[in-house]
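What you see is a predicted model; the values in this text were computed from it and never measured. First listed ligand is number 1; within each ligand, the first listed atom is number 1.
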Amino acid sequence: MRLFSFFSLLLFFLSYSLFCQSNDNLNIIPKPVATQINEGNFTLNTQCEVWFPADEDKWSIAAEYLGNWVKQTTGHQPRLQPFKQKFTSTRINVLYIVYDPSVTMPEGYVLEVRPKAVVITASTPLGAFYGVQTLRQLFPVKAGPDGWQAPCCRIEDYPRFSYRGMHLDVARHFFPVSFVKKYIDLLAFHKINTFHWHLTDDQGWRIQINKYPKLQQNAAYRKETLIGHYSDSPQRFDGKRYGGFYTQQEIKEVVEYAQKRFVTIVPEIEMPGHALAALSAYPELGCTGGPYEAATLWGVFDDVFCAGNDQTFQFMENVLKEVCGLFPGQYIHVGGDECPKTRWKTCPKCQKRMQTEGLKDEHELQSYFIQRAGKILEKYNKRLIGWDEILEGGLAPNATVMSWRGTEGGIAAARSNHDAIMTPGSHCYFDYYQGDPNTEPLAISGYTTLEKVYSVEPVPEELSPEESKHIIGAQANLWAEYIPTPEKAEYMAYPRVCALSEVVWSPKADRNWPDFSKRIQAHFPRLDALGVNYSKSFYSVVCSFAEGKVKMETAAPDVEIRYTLDGKTPTLKSSKYTQPVALEKSATVQALCFKDGRALGAPAKVSYSLHKASGKPYTLTKQPKQYTGGETYALTNGVSGGLKTWNNWVGLVNNDLDPVIDFGKTTNFNRVTTHFVNSKIAWIHPPRSVSIFASDDGKRFKLLSIKVINVDELSGNTIETVKFDVPGARGRYLKMIVETTGVIPEGFPGAGNGAWLFLDEIEVE
Ligand code: TNX
């Protein structure tokens, strides 16, 4: 008896520990709900067959997918065998797909790999399909000495959210059907079930509409395209006509392809803003009547669809009718974002519409526009999705909100009983840099690392459990202003989609970055095998500077960092990083990650210019939250911010910045220099004044100098320098007061909102 209980205890611990480490071994992404590894392996061989429920054709989709995968992997086309009888026991070498209503989660499945057979159980074909996707990941990317083997295991799995989305902008740059298919295939592999296809924008209209042939002839093309970044000055253009569109036949082909992967397509037809391309073809739909040109630059444009013109709504009705006929999903996205009201304010037709409809301002006119689109969609049994601006001026009944400007839109929608999809710019914009902008390919701006994507929580804390039910999921967006090729699209999307997939699929309680950071490395070879040009920025070294020392970190575990200070690229022979490195003088640090003797990712390269305040601590009355400068002593880290990303800037909105630097001892200095951003288009305004003070006790400060900035004179997108010559100045503390302009004045983007103030590096010599 004793012996028995000892053994059962031992068995319990053994199986428990197997259970716990299971994910480390299987490395499935997104992580399944429950996994248990069993003894033995299953081997795919040329005898294997796929059996599936005979009664409904959708089961055959999962079966065919599985069969094709076996064929691609082993070269052997398995026989596909529908079966009607109740599933009782397994035959050898069969991959079973089994209907079982007891698997209650609609997208859930139970996958059992046994030594002689595989059984995927689900109550829906969709669940079975996801079982197949997991099975794919159980096999290695190359056959081992004993062939294609998967470990025996039992996996129980189902998603956390019903809406798991990924977006692709094909308007700013056009992507061929072959790539769109590959993109969808990869989404399915990661159990993402919705593909948001952004089909129209200022720079191009990409879907054939039979009723409006000029959308194909004209609106699908632009004269030329911006080269480099929007903020480059002067802006340069390539002088080449650019464009393309999908025929309805191609759209049908893609829809069918997606259906075979249980991916629903949400097409987006932008209105009333982002409409320049459409207006170039049908100028009568704009307030001024044109002429218009499809945009060659990125941004937000004043010319939008006229909301007073009945022809506009006739156009929308006809376009949406064809769109609804092409896409079988329940949702149609109508945009609604970034629609300036400039033209509407002076357009007699729009003003008349406001009068007759009793609309109090242009925001209500925008809301009227979207509500009419909603009514059209209702006629075709579709539901409307819009960006969070559709909340302004009143929400259309039944509308689902896509919250992109933070989470507020989603919160407001949920509180008013509307569904919401979270796609906050900070975490879900895959057009942002995923590593140091100095080593990454050109991106729009931002800094959204893999780890940051992994950390996003779709359900805001503010919501009650009841309200939270309206958060149906999350999505990431791939805006394509700076993504001209499929290779770059993959680079920007992967591996961030992998992190997103886990956010939307796996249980919240299982979110664990250290664990994911191991599994993602095992996932990379799978992406290699699928021919995905994913980014390796996950391995990039991030440097920070404090108290005279450079700290080097990487998100990847189990790697070594090697660095140089002499301007050379690190090799396996360079110094190995073990602890923060003291910098005695200005230098360029290069750091690179190595694993198993191989370099991973691109080397980090940071040039430090040291001065008397370098690495010194400072205080601020108001701590920045969003723009922290990226490290503790951002203002004294020896590195100035650039225009590629705001990540290195210390920023506050509608507030002064007032750093007080502590030199640690009385210090003599002659000159103080600092920098601020002037980018009114990005709501970042110059300060009204900058003043500096010195103190010995940190309490009583003496004014050293003040500079008044001519705020109105500054235009464009620039970094401005302020220099104070203060010969003979001395003190232990140096205070700087950078005075905000306050609220953005009329006539500038974001008028009425607080202006941002961005400061970086206070150099003391
Ligand atoms: C904002 S997100 C936009 C897009 C741009 C994107 C660039 C949204 C609804 N509108 O038009 O492409 O920023 O990040």
Side-chain angles (χ1 to χ4, degrees), residues 165-175 196-206 222 225-226 229-231 266-278 294-304 331-340 366 370 373 384-392 399-410 413 420-434 437 440 442-448 452-453 456 474-484 488-489 492-493 496 644-647 679 681-683 749-750:
M166 187 66 208
H167 151 289
L168 179 67
D169 166 16
V170 297
R172 273 57 177 269
H173 283 101
F174 181 66
F175 297 93
H196 174 173
W197 206 358
H198 184 80
L199 287 163
T200 74
D201 216 299
D202 297 299
Q203 297 80 4
W205 182 286
R206 308 271 176 245
R222 60 177 175 254
T225 304
L226 180 75
H229 198 268
Y230 181 90
S231 62
V266 175
E268 180 180 352
I269 305 295
E270 272 268 17
M271 63 187 82
H274 286 295
L276 262 181
T296 56
L297 254 187
W298 321 124
V300 173
F301 300 90
D302 281 342
D303 287 304
V304 302
Y331 290 117
I332 305 287
H333 201 304
V334 298
D337 61 309
E338 300 180 321
C339 178
Q366 148 118 2
I370 299 293
L384 178 148
I385 301 189
W387 299 108
D388 56 43
E389 285 93 333
I390 66 167
L391 282 155
E392 293 161 13
T400 298
V401 171
M402 223 170 230
S403 188
W404 72 281
R405 297 174 302 174
T407 51
E408 289 80 4
I421 297 153
M422 293 310 212
T423 176
S426 53
H427 295 72
C428 294
Y429 271 42
F430 290 179
D431 56 338
Y432 285 12
Y433 285 107
Q434 54 196 313
E440 288 289 321
L442 182 67
I444 191 162
S445 67
Y447 187 67
T448 301
K452 187 161 181 192
V453 175
V456 67
Q475 169 176 302
N477 301 326
L478 198 59
W479 297 104
E481 286 95 332
Y482 300 96
I483 305 181
K488 188 153 179 201
M492 299 305 282
R496 290 189 282 192
K644 281 188 172 176
T645 167
W646 306 130
N647 189 53
S679 182
I681 186 153
W683 303 19

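Smallest separation of non-hydrogen atoms from P272 and I370: CD-CD1, 4.1 Å. Closest approach of G336 and Q366 over heavy atoms only: O-NE2, 2.8 Å. The shortest non-hydrogen separation linking P424 to V456 is CG-CG2, 4.1 Å.
For W387 and H196, the ring centers are positioned less than 6.0 Å apart.
With contacts defined as side-chain heavy-atom distances shorter than 4.5 Å, the pair Y230/I444 does not qualify.
A tilted orientation is assigned to the rings of Y429 and W479, their planes being inclined by 30° to 60°.
The 4.0 Å heavy-atom shell around ligand 1 contains residues R172, H274, D337, E338, W387, W404, Y429, D431, I444, W479, E481, ordered by chain and number.
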